[in-house]
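All remarks here apply to the structure that follows.
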Amino acid sequence: MNNQSENTDKLFTPNNIVVLLLVLCSFIILYWGHTFTEINWGLDQITYLSSSLYIFWIIISFVSIILLLVGIKKHFLSNLLYDFLWGDKKLYGRWLFVFTGMALFFYFRFEAHLYGNGYIRIGNFAQKSQPLFHWYEFGSTLIPYLFYQIITLFGITKLAASVWAYQLLSVLSGGIFLLFSIKISDQLYENYHDKITSLFMLMLSGLIMMFFGLVENYPILLAVGSLFIYLLVLTLKSSNKKYLYYLWTLSLIGVVINFQLITFIPPMLYLTVKSFIKREKTGNLIGLIAAFGSILLGVIILYISASKNMGLEYLILLWSGKSPEAYYSLFSLVHLTDLFNLVFLFVPLFLIFIFAVLIGFKKLLKDNLFIILTVLVFAQTVYLFIIDPKNGMIRDIPQYSFLLFGYLLLGSYSLLKSRGGINLSQSIVMGLCPVAFVLMLPGLILHLSPLKTEESINKYLKYNESKYQTGLIALRDYYFASGDMDKANYYDQLVEKKGPGLLQSRLVSDLFAHGRYTESFDYANQLVERYPYNYLYRIHRANLLKFYKSFGEAKSELDTAIILAPYNAEPYHFLAEYYREQKQEQQCLDILNKVVSFAPDNAIILIDLTAYYYRSGLFDRADSLSKTVMAIDSMAPYAYMYQGLIADNQKRYGKAMEFYAKFIELNDKLPEVSYIRKRQNEIYLLERDNNRID
């Protein structure tokens, strides 16, 4: 044993040299990565550092490499923390460690919510009576919503409460992740140097940025993932089946929290088969068939379903690219580059981890946890590979964080478990912790700084114009929230100019308004062909198809628009209008009631309902609804029109004239204005005649 320890402490063994070269390669990639491609967003973090920060980063980079070469002494860090995390003082030491981490997450939290759907999520809570929970992330939206409801009880504004709710979820998830990282390291390793190395390898990756108050759903997945791995280790170390049941319960609940946790199912199938089939080889074979078979079956079902459902097809990548991004497909160079950038951003030691997995594969092949983690990584890789980053990869990075969790676990586990067998120096492996910190630091600084984030997003958008609209809307909302109206207006105007197909969309409306119907229809067809997943352009085409009396095709386009935007009220409004024009009043009412179930305060839909009840002669309901609309939006012209019509019907002509006048004042371009003016003249003549008789 002493000889082996001495061997593994020698610096210039072949495997030590390979690790040192891979570390050097990682620094070279980060240092020169920005020159590889103009659209590189994951390897150019250091270009956004200020000159002083850049010099500091260069210095600590050299220090981290020197530490590798001279070797970190065995008791460096280990003795300092061991007693507080695994020794006699762990009772309060662990909580001190966790709360210190949470304090740092809270203090340095995100000032802008430009990643993922940050501002959309804030608006979902703050601006809707009934927030929308997508089926594939139901629980992970419900949890911050519960926080939001509690926070609003303290009189905090809805906007602030929605931000705090998500940030609370993020920071708490970070605390849970740290706690279970300590527990996982404790369960997996006997050597306390390995325990501390494992803990810091789990902590010091780009994934940690998910815990700095990020307004997104995905931080909680990392917390659930750490709990899953902890229970998994307990299951493997214990013959008690209760942990297996706990794992299945967590996995099934996890799918409700967020559909990404479906990636727990394949490793759970393997583990379950192994638990119930005692023969080693048979259990391994059947378990692997069940695990990998479930992944293959899931992919087949997904793509068959997507071929029949445009909304699902919109969320995933295909073998060949989709319009308008025909260049962006599953195996396109741009997509593969995106994934490389992503892995480097979140798992900066991934080159060393790949080396550890490959070189230690034979030794670890009989290790059940290694096999389970390999299955998990495979499942997460497949899931990661097929997601279409609709906001552009640079802004959609949160949704990929959990899917790289397996890489981090498998890599660190392989490195530490195979270290002795492959003659790797313990001091070099420990020295990878400061290397990991140095490699992930520029990315952390970039993503936590709004100004640097804005700069990087603008650079990315310059070469990815199809992503312009969502990126610019996020930047607009950030500056609006921070009170910088000049920049908010600047980005708002860019949204109008740079939205894909937006100018052509306006042309469709303008040509139709000027009676050039054929040209308008041609442009509408072109828009749908170029941007088939844009629900608004489907609505344009549907309205023109109605004009040409192609009602069946119009209905099909509106149905497709709803599939593409199931929680947007606009396509439902036009479908209700379609049913009204077809004299299908019950279908009109049904579709409007459906929208009210998720958008109860949408003024347009409430006006549609008002119109329905007015046509049905239910004037009291129409009156109540139009007043509700006026309370929501005092500038909604149709609310005044229906108030006028109801007053007119009740022969309260004075009130009717007031409402009619307000309706015309608010918008004299509406098609109903000519009828209302005619009715105003009739009431005027009627009242004049009545006055003469008197």
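The residues of the chain are indexed from 1 along the displayed sequence. This one's a predicted model, so the numbers in the text were calculated from it and none came from an experiment.
When ring centroids are compared, F405 and F346 stay outside the 6.0 Å threshold. Taking the six-membered ring for Trp and the full ring otherwise, F99 and Y92 have centroids separated by 6.0 Å or more. Not less than 6.0 angstrom separates the ring centroid of F212 from the ring centroid of F108. Separation of the F110 and H447 ring centroids does not fall under the 6.0 Å cut-off.
Under the 3.5 Å distance criterion, the side-chain polar atoms of R395 are matched with a main-chain donor or acceptor of L114. A donor-acceptor distance shorter than 3.5 angstrom exists from the side chain of S418 to the backbone of S414, with no hydrogens or angles considered. Side chain of K452 to backbone of Y48: a donor-acceptor contact under 3.5 angstrom is found. Although no hydrogens or angles enter the test, the distance criterion places a donor-acceptor pair under 3.5 Å between the side chain of D367 and the main chain of F370. Side-chain N or O atoms of K237 include one that pairs as donor or acceptor with a backbone N or O of Q187 at under 3.5 Å. S412 contributes a side-chain N or O that, together with a main-chain N or O of L409, makes up a donor-acceptor pair within less than 3.5 Å. No side-chain donor-acceptor contact under 3.5 Å links S198 to the backbone of D194. The main-chain N or O of Q380 is never found under 3.5 Å from a side-chain atom of T263 such that the two would form a donor-acceptor pair. Not one N or O on the side chain of S181 forms a donor-acceptor pair closer than 3.5 Å with the backbone of L199. A donor-acceptor pair under 3.5 Å links the side-chain atoms of E216 to the main chain of N117, judged by distance alone.
Interatomic distance, I371 CD1 to L410 CG, rounded to the nearest 0.5 Å: 11.5 Å. The CG atom of L178 sits 11.0 Å away from atom CH2 of W95, with the distance rounded to the nearest 0.5 Å. Note: L24 CG to I29 CD1 = 10.0 Å, rounded to the nearest 0.5 Å. The distance from atom CD1 of I445 to atom CD1 of I46, rounded to the nearest 0.5 Å, is 11.5 Å. Separation of atoms CG (L408) and OG (S205) is listed at 4.5 Å; rounding is to 0.5 Å. Here CD1 of I182 is found 5.0 Å from CZ of F97. Values are rounded to the nearest 0.5 Å.
Residues V23 and I428 have side chains not in contact (no heavy-atom distance under 4.5 Å, counting atoms from C-beta outward). In this structure the side chain of L444 reaches within 4.5 angstrom of the side chain of L448, judged on heavy atoms. Using a 4.5 Å heavy-atom threshold, the side chains of D338 and Y400 count as separate. For the pair S238 and Y243, the minimum side-chain heavy-atom distance is below 4.5 Å. Looking only at side-chain heavy atoms (C-beta outward), L244 and L271 come within less than 4.5 Å of each other. You'll find the side chain of Y270 reaches within 4.5 Å of the side chain of L288, heavy atoms only. With contacts defined as side-chain heavy-atom distances shorter than 4.5 Å, the pair F228/F180 does not qualify. Between N217 and I143, every side-chain heavy-atom pair lies at or beyond the 4.5 Å cut-off.
Considering every non-hydrogen atom in both V357 and G411, the closest pair reads CG2-CA, 4.5 Å. Heavy-atom minimum distance, S425 versus N16: N-OD1, 2.9 Å. The shortest non-hydrogen separation linking F27 to S64 is CZ-OG, 3.6 Å. In this structure, L261 and G254 approach most closely via the heavy-atom pair CD1-O, 3.1 Å.
Taking the six-membered ring where the residue is Trp, F138 and F133 present perpendicular rings, their angle passing 60° and hence far from 30°. By the 30° and 60° cut-offs, the orientation of the rings of F125 relative to Y145 is tilted.
Residue F402 forms a ring pair (Phe, Tyr, Trp, His ring centres under 6.0 Å) with just one option from F177, F264, Y218, and that option is F264. Here the rule is side chain to side chain contact (heavy atoms under 4.5 Å, CB included) with K195, and of I184, D186, L188, L85 only D186 fits it.
A search for ring pair (Phe, Tyr, Trp, His ring centres under 6.0 Å) contacts involving Y478 returns nothing, not counting sequence neighbours. Applying the salt bridge (Lys or Arg N to Asp or Glu O under 4.0 Å) rule to K183 yields no partners; only residues at least two apart in sequence or on another chain are considered.
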*asked:* Could you go through L415 and L349, starting from their C-alpha distance and side-chain angles, then the distance that decides it, and tell me whether this counts as side-chain contact (heavy atoms from CB on, under 4.5 Å)?
replied: CA-CA 11 Å; L415 186 67; L349 293 179; over 6 Å; no

_M201 vs C433, test: side-chain contact (heavy atoms from CB on, under 4.5 Å). Steps then yes/no._
CA-CA 6 Å; M201 280 188 176; C433 294; 4.2 Å; yes

*What's the verdict on side-chain contact (heavy atoms from CB on, under 4.5 Å) for Y413 and Y189, showing C-alpha distance, side-chain angles and the deciding distance?*
CA-CA 10 Å; Y413 183 74; Y189 308 102; 3.6 Å; yes

*asked:* Before you tell me yes or no, could you show the steps for N258 and Q399 under side-chain contact (heavy atoms from CB on, under 4.5 Å), namely the whole-Å CA-CA distance, both residues' side-chain angles and the distance that decides it to 0.1 Å?
replied: CA-CA 11 Å; N258 191 292; Q399 72 171 319; over 6 Å; no

*Check the pair E280, K274 against salt bridge (Lys or Arg N to Asp or Glu O under 4.0 Å), reporting the backbone distance first and the verdict last.*
CA-CA 8 Å; E280 185 72 20; K274 284 281 293 180; 2.9 Å; yes

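Within the cation-pi definition used here (under 6.0 Å to the ring centroid, within 45° of the axis), K241 qualifies as a partner of F276. Geometrically, R109 engages F106 in a cation-pi contact, judged by NZ or CZ lying under 6.0 Å from the ring centre and within 45° of the ring axis.
The 12-atom threshold is exceeded at CD1 of I28, counting heavy atoms of other residues, nucleotides or ligands nearer than 6.0 Å. Heavy atoms of other residues, nucleotides or ligands lying less than 6.0 angstrom from CZ of F437 number 12 at most.
The closest side-chain donor-acceptor pair between Y246 and T235, if any, does not fall under 3.5 angstrom. Using modelled atom types, one finds a donor on one side chain and an acceptor on the other under 3.5 Å when comparing Y407 with T381.
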